[in-house]
Protein chains: 2
Amino acid sequence: MIKENKNMTTSEWEIMRVIWTLGEATSRQIIRVMHLKTDWSPSTIKTLITRLKNKSYLIDNGAVRDRLYKPTITEHDAMTNTLHQTINSMCAMCVGDAITNAIASTTLSRHDILRLQDILSQKLSTAPEAVACNCMPNNWEDEQ
Amino acid sequence: MIKENKNMTTSEWEIMRVIWTLGEATSRQIIRVMHLKTDWSPSTIKTLITRLKNKSYLIDNGAVRDRLYKPTITEHDAMTNTLHQTINSMCAMCVGDAITNAIASTTLSRHDILRLQDILSQKLSTAPEAVACNCMPNNWEDEQ
DNA sequence: ATCTATAGTTTACGTTTGTAGACTTATAAA
DNA sequence: TTTATAAGTCTACAAACGTAAACTATAGAT
């Protein structure tokens with residue numbers, strides 16, 4: 001019953017963060033780390049690891065014990081996908097404003113800011129005066 | 001059984017988008033619009049409206065029929081909250097990069113870009129060279 | 001006054017998620 | 001060699017979710 005394509009849940013995401021940081025990890029390591037920041041029982045963590053394997057976000061080295069779990073997707077890619085999904089579910093007209101707000105309250109490194117500035121100045125030349133709202137289907141105003 | 005504080009699900013979010021756009025709407029209007037972009041049955045939409053009311057994202061005008069539903073939160077605020085939650089669940093060290101990627105593939109208006117540029121140049125003066133990863137709890141490396 | 005279409009309410013049902021105990025088995029210790 | 005600890009698997013269970021049929025009641029049509 002391996003199901004790919006399913007999204008990670010928020011709890012599963014937390015598990016992935018520690019594995020991403022460690023590169024690869026045993027359940028013991030994951031349990032130890034999670035114990036420091038949550039009150040999840042070892043069983044709960046084992047269940048989440050199994051579900052992540054079923055969703056194909058983790059693979060293991062096949063050891064029968066002290067098995068090593070490794071991500072099949074980089075943290076960077078997972079974050080980009082998630083952000084994309086979030087942004088795509090939002091009104092195209094308003095999303096710029098929401099992103100701006102989000103950035104205002106996020107700590108960015110000098111490097112991030114410089115790259116962002118670069119991208120923005122490139123976008124500026126071709127930027128539209130306004131972006132159309134896409135909350136409604138086309139022709140929703142037609143009489144029927 | 002009114003439960004506040006619960007997050008909107010993705011289906012509920014779609015319903016909210018049409019109500020946000022219309023300002024307020026009857027179930028008939030919502031059903032008609034959603035019918036143009038999904039294959040959800042009228043029943044399904046009614047259920048989602050009820051759940052949004054229970055989660056206090058919608059209030060109605062109390063009419064016994066042809067009731068008007070109104071959002072209790074603005075689209076802007078909902079979007080900002082959602083983005084915040086998404087960003088806060090991510091590694092602080094990498095999130096700038098992910099946001100940058102997201103922005104690179106999002107259409108922004110001239111106005112959005114100008115405001116963003118303004119905010120970024122303000123942030124630049126105090127920006128750190130790098131942001132620390134916050135995927136792990138403090139002292140996770142201590143022997144125990 | 002009766003009927004009909006439909007807005008709103010109830011009930012339903014399989015799947016996913018959060019959460020975790022119970023069980024099985026392998027390795028390290030005695 | 002026996003045993004205890006714990007890694008991995010199975011089972012569990014309530015709540016949330018996606019999805020929708022059935023039921024109730026009301027306003028408009030005849």
Side-chain angles (χ1 to χ4, degrees), chain A residues 1-19 22 24-35 37-70 82 85 89 144, chain B residues 1-19 22 24-35 37-70 82 85 89 144:
Chain A
M1 69 170 72
I2 281 108
K3 301 179 183 180
E4 319 213 16
N5 276 24
K6 296 230 168 267
N7 284 320
M8 273 176 234
T9 68
T10 51
S11 325
E12 287 162 359
W13 183 271
E14 289 307 309
I15 302 290
M16 291 301 287
R17 288 181 75 179
V18 353
I19 307 179
L22 295 173
E24 60 182 14
T26 63
S27 63
R28 185 213 312 277
Q29 286 176 292
I30 300 167
I31 288 168
R32 187 171 85 76
V33 172
M34 292 311 292
H35 181 247
K37 51 151 63 170
T38 70
D39 58 354
W40 299 351
S41 77
S43 250
T44 297
I45 294 164
K46 292 179 197 172
T47 300
L48 293 173
I49 291 172
T50 299
R51 291 181 181 167
L52 283 165
K53 266 183 22 178
N54 288 340
K55 291 181 181 179
S56 301
Y57 288 114
L58 288 179
I59 42 171
D60 65 67
N61 67 352
V64 71
R65 217 182 145 84
D66 298 311
R67 190 174 297 170
L68 278 171
Y69 298 95
K70 251 199 270 216
T82 300
Q85 259 186 249
S89 74
Q144 56 163 26
Chain B
M1 65 171 73
I2 281 108
K3 301 180 181 177
E4 318 213 17
N5 276 24
K6 296 232 167 263
N7 285 319
M8 273 175 234
T9 69
T10 50
S11 326
E12 288 162 358
W13 183 272
E14 289 306 309
I15 302 290
M16 290 301 287
R17 287 181 76 181
V18 351
I19 307 179
L22 296 174
E24 61 182 13
T26 63
S27 64
R28 184 213 312 275
Q29 287 177 290
I30 300 167
I31 287 169
R32 187 170 86 77
V33 172
M34 293 311 293
H35 181 247
K37 49 149 69 171
T38 71
D39 58 355
W40 298 351
S41 76
S43 253
T44 298
I45 294 164
K46 291 179 197 174
T47 300
L48 293 173
I49 291 172
T50 299
R51 289 183 182 165
L52 283 165
K53 266 184 23 178
N54 288 341
K55 290 180 180 179
S56 300
Y57 287 115
L58 288 179
I59 42 170
D60 66 67
N61 68 352
V64 71
R65 216 184 148 83
D66 298 311
R67 194 175 292 171
L68 277 170
Y69 297 96
K70 251 197 271 215
T82 300
Q85 260 187 248
S89 74
Q144 55 162 26

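Throughout, a chain's letter reflects where its sequence line sits, starting with A, and its residues are numbered from 1. Both backbone and side-chain heavy atoms feed into the values below; hydrogens, waters and symmetry mates do not.
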Distance in angstrom units between B:Ile30 CD1 and C:dT6 P, rounded: 17 Å
Contact under 4.0 Å: B:Ser27 side-chain N or O vs C:dG8 OP1/OP2: yes
Is there a side-chain contact between A:Ser41 and the phosphate of C:dT19, meaning an N or O under 4.0 Å from OP1 or OP2? no
Just the rounded figure in Å: distance from P of C:dG8 to CG of B:Leu48. 15 Å
Output the single nucleotide from C:dG18, D:dT19, C:dT9 whose closest atom is nearest the side chain of B:Lys53. C:dT9
Check the distance between D:dT9's P and A:Ile49's CD1 and give it to me in whole angstrom. 10 Å
Report, as a single string ordered 5' to 3', how protein heavy atoms within less than 4.0 Å touch nucleotides 22-30 of chain C: B base, S sugar-phosphate only, - not at all. B---BS---
Side chain B:Arg67, main chain B:Ala63, donor-acceptor under 3.5 Å: yes
Would you mind reading off the distance between A:Asn54 atom CG and C:dT17 atom P, rounded to a whole angstrom? 12 Å
Answer with base, sugar-phosphate or nothing: what part of the nucleic acid does B:Thr10 contact at a heavy-atom distance below 4.0 Å? sugar-phosphate
Please tell me if A:Trp40 has a side-chain N or O lying less than 4.0 Å from either OP1 or OP2 of C:dT19. yes
Suppose we screen for side chain to side chain contact (heavy atoms under 4.5 Å, CB included). Which residues come up paired with B:Arg65, at least two apart in sequence or across chains? none
Can you tell me the distance, in whole Å, between the CG atom of A:Leu52 and the C1' atom of D:dT9? 16 Å
Mind calculating the distance between CE (B:Met8) and C1' (D:dC17) to the nearest angstrom? 15 Å
Which residues pass the side chain to side chain contact (heavy atoms under 4.5 Å, CB included) test with A:Ile45, not counting sequence neighbours? A:Ile15, A:Ile30, A:Ile31, A:Met34, A:Trp40, A:Ile49
B:Thr9 side chain near D:dG18 phosphate (N/O to OP1/OP2, under 4.0 Å): yes
A:Arg51 CZ to C:dT15 C1': how many Å, rounded? 11 Å
Any A:Lys55 side-chain N or O less than 4.0 Å from OP1/OP2 of C:dT17: yes
Let's see if you can work this out: which of D:dT9, D:dA16, D:dA20 has an atom nearest to the side-chain heavy atoms of B:Thr44? D:dA20
Give one of base, sugar-phosphate or nothing for A:Arg28, where a contact means two heavy atoms less than 4.0 Å apart. sugar-phosphate
Calculate the interatomic distance between A:Glu12 atom CD and C:dT17 atom C1'; express it in whole Å. 8 Å
